[in-house]
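Throughout, residue positions are numbered sequentially from 1 according to the sequence presented. When reading the values below, keep in mind they use all heavy atoms of this one structure, side chains included, and skip hydrogens, waters and symmetry mates.
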Amino acid sequence: MSTPHRRRRRVVPLSLTVAAAALAAGCTSGPPGTTTPATASPGFPAPPASSASPVSPVSGDTGDPSTWTLPLQAYQPTERQAAAIAAAEGTLVQRCMRSFGKEWRPAPGLPRVGPRNMMDWRYGIHDEALSSRRGYQPDAAEQARYDAAVRTQSRRPAPSPAEEVLLGGSDLPASAREQAGPEVRSGSFNGRKIPAGGCFGQARTTLGSQSRGVSPLVEQLNFASYEASLSDPAVTEVFGLWSACMRKKGYSYAAPMDADADPRFRPDPRRRVSEREIATAVADISCRRRHHVAEIWHGVEVRVQSGYVRENAARLAADRRTLDTVIGNSTHVNGRS
């Protein structure tokens, strides 16, 4: 589940090769900073308007948001399960490509950079030791490893137009299919029919889900709950306390996200992190801790998501059953590979 927190990250632009691989892999999650307003999704209950409504206690280490959870996580694969599903999909695609006489290997996963999981930076920065060195930026060594891995991926040989269609099938845009030969455009490769959705489509059909078991409803509700939490009275109140705290330290921001998004702190590989950015980030964390910003914000979002779960119980239960099927099928594929 992509976190909607507006966290900027310097990333080396992907080459067309890597972008094509991402397209074939069917990556559909929006980037950090993409949000779906709660009002844009019919059937989502609005959060209670009263600031007197109880704020749930943090489920995990109060000082470590990466250990916190949200109700909708019960309907998502864990990081380990998602990795197993991706591995099984890669195995099935590779088998499919070989059946057409083509060798293909999935791109290796990129190393982690920044947040340790979807919850770590959902409510903003909190690691004072890191921020005292890097401000709002990820750890320098992590960023360097990530950049190097992206450069390595960008040097992977690009698939031919025919191979792209074999991988993605009818799911590719018409412009991509038009570049392949007439046989491939007609739906065959080396005399054999290309499966619906290509080898990726066939792999996902075998696993039991065209989205790797990731529920579009859960993704929508996750973004909606974050957006809804921003207008909750308890959150707007604590944002005001944080803002006043920052003013006393010499900084003028209305909300914690504004400090992070300050254009002066945009990532730039050509410069060192400025002393001003570091000082701002340290002050930001100090004010967050003083007023328990993340804890209150998280408690509100737990309440909002709990309402979503109640209102969408049947659909979420069905999505969970699909996910369990995908996990089981992935375990079977990985056990035989």
Assign the ring pair Trp68 / His298 to parallel, tilted or perpendicular, where the plane angle (0 to 90°) is split at 30° and 60°. tilted
What distance do [X] atom [atom1] and [Y] atom [atom2] have between them, rounded to the nearest 0.5 Å?
X      : Y      : atom1 : atom2 : result
Glu277 : Ser131 : CD    : OG    : 9.0 Å
Arg276 : Tyr251 : CZ    : OH    : 6.5 Å
Arg105 : Met97  : CZ    : CE    : 12.5 Å
Glu295 : Arg288 : CD    : CZ    : 10.5 Å
Arg134 : Ile125 : CZ    : CD1   : 12.5 Å
His291 : Ile296 : NE2   : CD1   : 9.5 Å

Strictly below 4.0 Å, N to O, side chains only: are Asp147 and Arg151 in salt-bridge contact?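 Salt bridge between Asp147 and Arg151, a charged N being under 4.0 Å from a carboxylate O: no.
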If we only count heavy atoms from C-beta on, is the [X] to [Y] side-chain gap below 4.5 Å?
X      : Y      : value
Thr78  : Ile327 : no
Tyr146 : Val150 : yes
Glu219 : Gln76  : yes
Thr206 : Glu89  : no
Met257 : Leu230 : yes
Trp242 : Val238 : no
Arg133 : Asp139 : yes
Tyr123 : Glu301 : yes

Going by side-chain contact (heavy atoms from CB on, under 4.5 Å), Phe200 matches just one of Leu167, Leu166, Leu92. Which one? Leu167
Do you know which of Lys249, Glu128, His126, Met246 makes side-chain contact (heavy atoms from CB on, under 4.5 Å) with Asp284? Met246
side-chain contact (heavy atoms from CB on, under 4.5 Å) between Asp64 and Arg116, intermediate numbers included: CA-CA 11 Å; Asp64 183 4; Arg116 284 174 283 181; 3.0 Å; yes
Could you go through Leu323 and Tyr75, starting from their C-alpha distance and side-chain angles, then the distance that decides it, and tell me whether this counts as side-chain contact (heavy atoms from CB on, under 4.5 Å)? CA-CA 8 Å; Leu323 173 57; Tyr75 303 92; over 6 Å; no
Test item: [X] side-chain N/O and [Y] main-chain N/O as donor-acceptor pair under 3.5 Å:
X      : Y      : answer
Gln137 : Phe265 : yes
Gln94  : Pro106 : no
Thr152 : Ala148 : yes
Asp319 : Leu217 : no
Gln202 : Val93  : no
Gln73  : Leu70  : yes
Arg320 : Ala74  : yes
Asn329 : Val326 : no
Glu142 : Gly114 : yes
Arg212 : Ala86  : no

For residues [X] and [Y], report the shortest heavy-atom separation together with the two atoms involved.
X      : Y      : answer
Val165 : Ala180 : CG2-CB, 4.0 Å
Ala84  : Ser330 : O-CB, 4.1 Å
Pro77  : Ile85  : CB-CD1, 4.4 Å
Ser209 : Gly213 : OG-N, 3.0 Å
Pro138 : Leu130 : C-CD1, 4.4 Å
Met119 : Pro65  : CB-O, 3.4 Å

Consider only side-chain N and O atoms of [X] and [Y], and report whether a donor and an acceptor are under 3.5 Å apart.
X      : Y      : result
Glu183 : Ser188 : no
Tyr253 : Asp262 : yes
Asp232 : Trp297 : no
Glu164 : Gln179 : no
Thr280 : Arg264 : no
Arg247 : Ser243 : yes

Tell me whether [X] shares a hydrophobic cluster with [Y], the cluster being built from Ile, Leu, Val, Met, Phe, Trp, Tyr side chains joined at under 4.5 Å.
X      : Y      : answer
Val309 : Val300 : yes
Ile278 : Ile285 : no
Leu110 : Val113 : yes
Ile194 : Trp104 : yes

Using the side-chain contact (heavy atoms from CB on, under 4.5 Å) rule, take Leu72 and Leu316 through it: C-alpha gap first, then chi angles, then the decisive distance, then the call. CA-CA 9 Å; Leu72 286 170; Leu316 290 172; 4.2 Å; yes
For Arg80, does the CZ atom have more than 12 heavy-atom neighbours from other residues, nucleotides or ligands under 6.0 Å away?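 Count not over threshold, so no.
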If you count the non-hydrogen atoms of other residues, nucleotides and ligands that lie under 6.0 Å from CZ in Arg290, is the total more than 12? no
Please list all pairs meeting disulfide bond (SG atoms under 2.5 Å apart) that have one or both residues in residues 208-275, counting only residues at least two apart or in different chains.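 Applying disulfide bond (SG atoms under 2.5 Å apart) to every pair that reaches into residues 208-275, excluding sequence neighbours, yields Cys245-Cys287.
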Check whether Phe100 forms a cation-pi arrangement with Arg192 (NZ or CZ under 6.0 Å from the six-membered ring centre, at most 45° off the ring normal).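 The answer is yes, since Arg192 meets both limits relative to Phe100.
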Please assess Asn117 against Asp120 for the test side-chain contact (heavy atoms from CB on, under 4.5 Å), listing each intermediate value before the final yes or no. CA-CA 5 Å; Asn117 56 33; Asp120 197 13; 3.7 Å; yes
